There are 2 protein chains.
Amino acid sequence: MAKPETTSVNRRSEIISAAIEVFAEIGYYRATTAQVAERAKISQPYVFRFFSTKENLLLAALEVSWSRVIESFRKLVETTSPELLEAKLIQEYVNIQEMYQNEVLLQMQAQTIREDAIQETMRSGFKEVRDMVLAAFREAGMDKPEERTMLFLARGMLCNVAVAINLPELMKG
Amino acid sequence: MAKPETTSVNRRSEIISAAIEVFAEIGYYRATTAQVAERAKISQPYVFRFFSTKENLLLAALEVSWSRVIESFRKLVETTSPELLEAKLIQEYVNIQEMYQNEVLLQMQAQTIREDAIQETMRSGFKEVRDMVLAAFREAGMDKPEERTMLFLARGMLCNVAVAINLPELMKG
DNA sequence: TGATTTGATTATTGATCAATCACTTTTAAT
DNA sequence: ATTAAAAGTGATTGATCAATAATCAAATCA
């Protein structure tokens, strides 16, 4: 079987990638489905063949961005020695932020959207990350694992802001 | 001189209050100036007599929300004993978050907007808060004041998220 | 070959919005 | 009372957008 270059699955993820870029740069509500289509090099109505509404496209984009974080944290947790774990997790998140800035920006936007489906996706993503980190910190015999988990997440959120508004001194200390 | 009930200054701040509510609830880009006007009980074109563009209205709303934080932190810093300072600051921010949720939500939105004027307002607000807290922590003889300042801000950002997506367990620990 | 599915586009629509213009009403000073 | 300034509104506009309808084209298969 020859591998076709454009499968339906490929197109789908191309559209999601385009959406992540456009939504992050322009803002979800201001961005148009025509701009997403242009970035994905397809026609605007074709977006709706894959995602029946603009919101469904946003939800798919958010799921990709959460998977990015969750999958790479999971790999780290499974392969890193307890004494290095916290440092490696921090390092990994900084790396994700550099490589996938737009995904982080999109998550930040989604945090402020008052729509049930979107809030539920955000809650579920945060919960999964928190549970995984907390379990790993406990496994590693860290003391006050809840507090360390909270501070790990807190640093992550401040780092998001520092990058988003381009004010690196926020992370000094 | 009798005090008139509706001065130009009053109207201005009524419009800003309405804008903070509407922008926070609906999202800045999705919200319409007609919705702001309706909430302020004036006509839509009258908004533009005070704020020549929608973006200017957003900037005014952000300045109000930053003043809220900065003024109340400043009062605390000037009147609180060193050993209570950090706890009181945290308490005060939690209080602001309960009383002025919409202002916090609006700031979170603004963090993700890629427009120079807005980003500059956000940088300036964060800088002022950070400088004030850092100076106060130093004054109080705290050790590692930079790190404590960073962690104070970080906790604040995580708290914002926890409230915004309604996931209080994020703050456990 | 002819038929069917899959991939894709052009054209359109009904709704919506920021901003402007042309007015009217109210207030207050002379 | 008169008038000028200030406060405020209705009507409109030009642009823009999500979503749908109607088709076309190219593979795939019988």
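For clarity, every value in this text was computed on a predicted model and none was experimentally measured. Each chain gets a letter, A, B and so on, in the order its sequence line appears, and its residues count up from 1.
- Atom CD in B/E14 sits roughly 13 Å away from atom P in D/dA7 (whole-Å rounding).
- Salt bridge status for B/E146 with B/R138: present, with a side-chain N to carboxylate O gap under 4.0 Å.
- Protein atom CD1 of A/I15 is 15 Å distant from nucleotide atom P of D/dA18, rounded to whole Å.
- In this structure, of D/dA18, C/dT10, D/dG10, it is D/dA18 that holds the atom nearest to the side chain of A/T33.
- Candidate nucleotides C/dT10, C/dT20, D/dA19 were compared by shortest atom distance to the side chain of A/K54, and D/dA19 ranks first.
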Should A/F73 and A/E128 be marked as a side-chain contact (heavy atoms from CB on, under 4.5 Å) after you check the CA-CA gap, both sets of side-chain angles, and the distance that decides it? CA-CA 11 Å; A/F73 278 12; A/E128 193 162 347; over 6 Å; no

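- With rounding to whole Å, A/Q44 atom CD is found 10 Å from D/dC17 atom P.
- Using a 4.0 Å cut-off, some side-chain N or O of A/R11 falls inside it from OP1 or OP2 of C/dA8.
- Atoms CZ (B/R12) and P (D/dA7) sit 14 Å apart, rounded to a whole Å.
- Spacing between atom OH of B/Y28 and atom C1' of C/dC17 amounts to 13 Å, rounded to whole angstrom units.
- Note: A/F23 and A/Y28 have perpendicular aromatic rings, judged against thresholds of 30 and 60 degrees for the angle between ring planes.
- Put simply, CD on A/E38 is 13 Å from P on D/dA18, counting in whole angstrom units.
- As judged by a 4.0 angstrom heavy-atom cut-off over every strand, A/A37 is placed among residues making no nucleic acid contact.
- With rounding to whole Å, A/F50 atom CZ is found 10 Å from C/dT9 atom P.
- Under 4.0 angstrom from either OP1 or OP2 of C/dA8 there lies at least one side-chain N or O belonging to A/Y46.
- Close to D/dG8, at under 4.0 Å from its OP1 or OP2, lies no side-chain N or O of B/S43.
- Per the geometry, NZ belonging to A/K41 stands 13 Å off P belonging to C/dT9, to the nearest Å.
- For A/E120 and A/R123, the salt-bridge test passes: some basic side-chain N is under 4.0 Å from an acidic carboxylate O.
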Applying side-chain contact (heavy atoms from CB on, under 4.5 Å), run through A/V36 and A/R39 and close with a yes or a no. CA-CA 5 Å; A/V36 173; A/R39 189 79 57 115; 5.8 Å; no

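- The side chain of B/R49 sits closest to D/dG8 out of C/dA8, D/dG8, D/dA19.
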